[in-house]
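Predicted model, so just to flag it, every value in this text is computed and none were measured. Note on naming: letters A, B, ... go to the chains in the order of the sequence lines (proteins, then strands), and numbering restarts at 1 for each one.
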There are 2 protein chains.
Amino acid sequence: MTEQIEAPRRTPLNRVRVLEAAVSLADDVGIESLSMRRLAQQLGVVPMALYKHVANKDELLDGMVDVIVGEIDPPARGPGWKDAVRLRILSARQALLRHPWARQVVESRTSRSPAVLEYMDDFIGMFLAGGFSVDLTHHVMHALGSRMWGFTQELFDDAGSHEAEADVTPEAQAAMFQEMSRRYPNILQVAMAARHDDRSVVGQGCDDQFEFEFALDLLLDGFERLQEQGWDSTQAKLGRP
Amino acid sequence: MTEQIEAPRRTPLNRVRVLEAAVSLADDVGIESLSMRRLAQQLGVVPMALYKHVANKDELLDGMVDVIVGEIDPPARGPGWKDAVRLRILSARQALLRHPWARQVVESRTSRSPAVLEYMDDFIGMFLAGGFSVDLTHHVMHALGSRMWGFTQELFDDAGSHEAEADVTPEAQAAMFQEMSRRYPNILQVAMAARHDDRSVVGQGCDDQFEFEFALDLLLDGFERLQEQGWDSTQAKLGRP
DNA sequence: ACCTGAACACCGTTCAAGT
DNA sequence: ACCTGAACACCGTTCAAGT
């Protein structure tokens, strides 16, 4: 009997390999097409093999968020709190933008992994180091919310660009435009003005950098003002019935 | 042959009935358990029957958002822009809080239904009526983002309350606490302070009203300041390289 | 012409049977 | 003791066959 030669050993599966494969598969095929079965196939293993390394699909998604958090630059040491916070958020933004599915997944997670907790702990630390009271820091973190991850809710994802180009006749487009201007005159006004603007285009499908920084700086300036005023939540609560 | 008596006619299905049934089914069993099949069963029809009234599941979800938008109070007529915006957002918040799944679904939608467009058009109209330039209004809408719907990202959903009560021994709890204070000292500090606070408790599982209004008012005050200063995006862009 | 049962092509996860 | 193929209990959606 010929002794059976072992097939060339696949580099053995481990958690990191599984998570990284999941991230790049989601990058390639989209998060909605990422399934345990498809991921297993990509890795050349039977679906069940994945369950050795992640308890279930939710844990897989948590792990994928951790991979992304790992791509965010560590907190800058030099500058004051405002620049430190700003830089870290903009770095998070770059990491998130690299993975189109990330925003949705980050938003949908309810539990916080150690990596996420550490990320948040760093933020809190930056405010405290900047002289913010624990009280103000608490509320400021809530106000920051998901902007901590470097994204803003899209206002118009692709309103209008549905199948606009090819199929629709100019007449139909004109009719749609008329209907829009009748029903949503304000949206139209804003959209038109934005289109004339050189830098930002409504509906370009991607979170615009200027909009993001506008909102972020508005918040940071607000935080700064409150801190300088010695804002205190107990006072604020007394002031408002 | 006895003439077959028609079974008592079900009130015939229509789009509104389907959507309302979907909303209350999601209220009851959670959005993750809402399926076309289960909804059909609830309505006493075959799954295929639903496809007469909604093209597919995505359109069903869009329609469910419309039902919720319909629950939001119409814009107030009397007050200035700031109170008008504030009231409408807090009304949206009430509607969204009535349906635990709504936040997630609103966030996940990429297309905007007529009802949603109208809701946004109203907001834009409030700012314009308040003397905001089209330009500033545009950026302000982006800054408002998903806060337009009356929710903020949860910071801590139920971190720690996982299975804390029953199963875990006091010793294990103490150990976990120590581990937390070592790894996430800043989070702990903020969490402890918040727990002493009479009104807000971190991790109470629901978006806290005070946090929401804090962040909202910070933004509204910021908007007001910019408007009074005659803020202009072209200037802002020149000022920043 | 209309309606719908059965089928298709998937899921995530369990579990018992095989080595 | 370990591994995994088959199975379970679902999905959303298509489509052809039946009335």
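Nucleotide D/dT14 has C/dA6 as its partner under the Watson-Crick or G-U criteria, with both atom distances under 3.5 Å. Across all strands shown, D/dA1 is found opposite C/dT19 as a Watson-Crick or G-U wobble partner, with both distances under 3.5 Å.
When the P atom is used for both D/dA7 and C/dT19, the distance is 16 Å, rounded to whole Å. Straight-line distance between the C1' atoms of C/dG12 and D/dT14: roughly 23 Å, to the nearest whole Å.
Proximity note for A/V46 (side chain, C-beta onward) versus D/dG5, C/dT4, D/dT13: the nearest is D/dG5. Side chain of A/S35, nearest nucleotide from D/dG12, C/dC11, C/dG5: C/dC11. The side chain of B/R37 sits closest to C/dA7 out of C/dG12, C/dA7, D/dT4. The side chain of B/N56 lies closest to D/dT13, out of C/dC11, C/dC3, D/dT13.
Rounded to whole Å, atom C1' of C/dC10 lies 15 Å from atom CE of A/M36. Rounded to an integer number of Å, the gap from A/D58 CG to C/dC11 C1' is 14 Å. Residue B/K57 contributes atom NZ, which lies 12 Å from atom C1' of D/dC10 at whole-angstrom precision. For B/L39 and D/dC10, the CG to C1' distance is 16 Å, given to the nearest whole Å. Rounded to whole angstrom, the span from the CG atom of A/L50 across to the C1' atom of C/dC11 amounts to 14 Å. Distance NE2 (B/H53) to P (C/dT4): 11 Å, rounded to an integer number of Å. Rounded to an integer number of Å, the gap from B/Y51 OH to D/dC15 P is 13 Å. A straight line from CG of A/L43 to P of D/dT4 spans 14 Å, rounded to a whole angstrom.
Heavy atoms of B/M48 sit under 4.0 angstrom from at least one base atom.
Looking at heavy atoms from C-beta onward, A/L117 lies out of side-chain contact with A/D121 at the 4.5 angstrom threshold.
Minimum heavy-atom separation, B/L188 to B/S181: CD2-CB, 3.5 Å.
Looking at B/S113 and B/D66, their side chains do bring a donor and an acceptor atom within 3.5 Å of each other.
Cation-pi geometry between A/R93 and A/F212 is satisfied (NZ or CZ under 6.0 Å from the ring centre, within 45° of the ring normal).
Checking the phosphate oxygens (OP1, OP2) of D/dC3, a side-chain nitrogen or oxygen of A/K52 falls inside 4.0 Å.
Taking 4.0 Å as the cut-off between side-chain N and carboxylate O, A/R112 and A/E118 do not count as a salt-bridged pair.
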